[in-house]
Amino acid sequence: MKSSLNILRSDSETDISCASVLKVLADETRLAVVEVLLDGPRTVTEINEMLEVEPTLLSHHLRALREAGLVTRERQGRHASYALAPELLARRKGRAIDLGCCTLSFS
């Protein structure tokens, strides 16, 4: 049986499975990006300064998070700012996020 998250939806408005979201978050860098964004929107440069990840690799991780519906991107001229998806922010409790199937907690 495939569990789906009611709070996360893809562009086609179909539920995103819990397993697919957890697969995206299983990567250490992606999880670190989510933790950074708990403190508010950040530019790619700011995220990179905090995580010290090679820029093209960071871009890859941000795209995966965006495609999973976990983060949003806003263009600001030549720069892009990333933030946690509003659906995640609505389910945030301190340094934890209720994903529906489990709770993602940062200490």
Side-chain angles (χ1 to χ4, degrees):
M1 178 163 78
K2 189 172 165 182
S3 173
S4 59
L5 298 175
N6 296 327
I7 60 169
L8 301 176
R9 299 196 177 275
S10 66
D11 293 338
S12 65
E13 290 298 316
T14 57
D15 289 342
I16 298 173
S17 74
C18 182
S20 66
V21 171
L22 293 175
K23 183 177 177 182
V24 171
L25 292 173
D27 183 274
E28 189 175 303
T29 301
R30 293 179 194 147
L31 200 55
V33 169
V34 170
E35 183 175 15
V36 165
L37 295 178
L38 279 173
D39 296 324
R42 301 272 188 248
T43 65
V44 175
T45 302
E46 291 171 327
I47 295 168
N48 198 22
E49 286 174 357
M50 297 172 100
L51 301 181
E52 298 178 354
V53 176
E54 197 259 316
T56 57
L57 184 58
L58 179 58
S59 177
H60 165 77
H61 289 303
L62 289 167
R63 184 178 67 244
L65 289 166
R66 199 173 64 246
E67 288 174 355
L70 298 169
V71 300
T72 60
R73 177 181 66 185
E74 183 178 315
R75 288 273 181 201
Q76 299 171 342
R78 291 179 20 190
H79 302 281
S81 178
Y82 285 84
L84 290 178
E87 297 85 358
L88 286 183
L89 289 174
R91 302 197 49 137
R92 178 181 173 191
K93 295 177 182 169
R95 306 266 322 147
I97 302 169
D98 179 4
L99 295 176
C101 61
C102 61
T103 300
L104 184 62
S105 181
F106 300 92
S107 302

> When you look at Leu88 and Arg92, which way does the side chain to side chain contact (heavy atoms under 4.5 Å, CB included) test go after all the steps?
Replying inline: CA-CA 6 Å; Leu88 286 183; Arg92 178 181 173 191; over 6 Å; no
> Has the side chain of Arg91 got a donor or acceptor atom that lies under 3.5 Å from a matching backbone atom of Asp98?
Replying inline: yes
>> I need the Leu38 CG to Arg95 CZ distance, nearest 0.5 Å.
In response: 5.0 Å
> Taking atom CZ of Phe106 and atom CD1 of Ile97, what is their separation to the nearest 0.5 Å?
Replying inline: 5.5 Å
>> I need the minimum non-hydrogen distance between Ser81 and Gln76, along with the two atoms involved.
In response: CB-NE2, 3.6 Å
>> Nearest 0.5 Å, please: how far is NE2 in His79 from OG1 in Thr43?
In response: 7.5 Å
>> Contact between Val53 and Val33 at the side-chain level, heavy atoms closer than 4.5 Å - yes or no?
In response: no
> Between Leu104 and Leu99, what is the shortest heavy-atom contact and its length?
Replying inline: CB-CD1, 4.3 Å
>> Ignoring hydrogens, what is the shortest heavy-atom contact between Ser107 and Glu35? Give both atom names and the distance.
In response: O-OE2, 4.3 Å
>> Quick one, Ser59 and Val44 - any side-chain contact, counting heavy atoms below 4.5 Å?
In response: no
>> For a 4.5 angstrom cut-off between non-hydrogen side-chain atoms, does Val36 reach Tyr82?
In response: no
> Quick one: does Leu25's side chain get under 4.5 Å of Leu65's, heavy atoms only?
Replying inline: yes
> Which atom names give the shortest non-hydrogen contact between Glu46 and Pro41, and what distance separates them?
Replying inline: OE1-O, 4.4 Å
>> Walk me through whether Leu62 and Ile47 qualify under side chain to side chain contact (heavy atoms under 4.5 Å, CB included).
In response: CA-CA 10 Å; Leu62 289 167; Ile47 295 168; 4.2 Å; yes
> Looking at Ala64 and Val24, what are the two nearest heavy atoms and their distance?
Replying inline: O-CG1, 4.1 Å
> Are more than 12 heavy atoms from other residues, nucleotides or ligands located less than 6.0 Å from atom CD of Glu28?
Replying inline: no
>> Against Leu37, only a single residue in Thr72, Leu89, Val71 fulfils side-chain contact (heavy atoms from CB on, under 4.5 Å); can you say which?
In response: Val71
>> Can you tell me if the gamma sulfurs of Cys18 and Cys101 sit closer than 2.5 Å?
In response: yes
>> Under a 3.5 Å distance rule, please check whether Arg66 uses its side chain to pair with a backbone N or O of Ala68 as donor and acceptor.
In response: no
> How would you list, by chain and number, every residue that makes a side-chain hydrogen bond (donor to acceptor under 3.5 Å, both in side chains) with His60, sequence neighbours excluded?
Replying inline: Arg30, Arg63
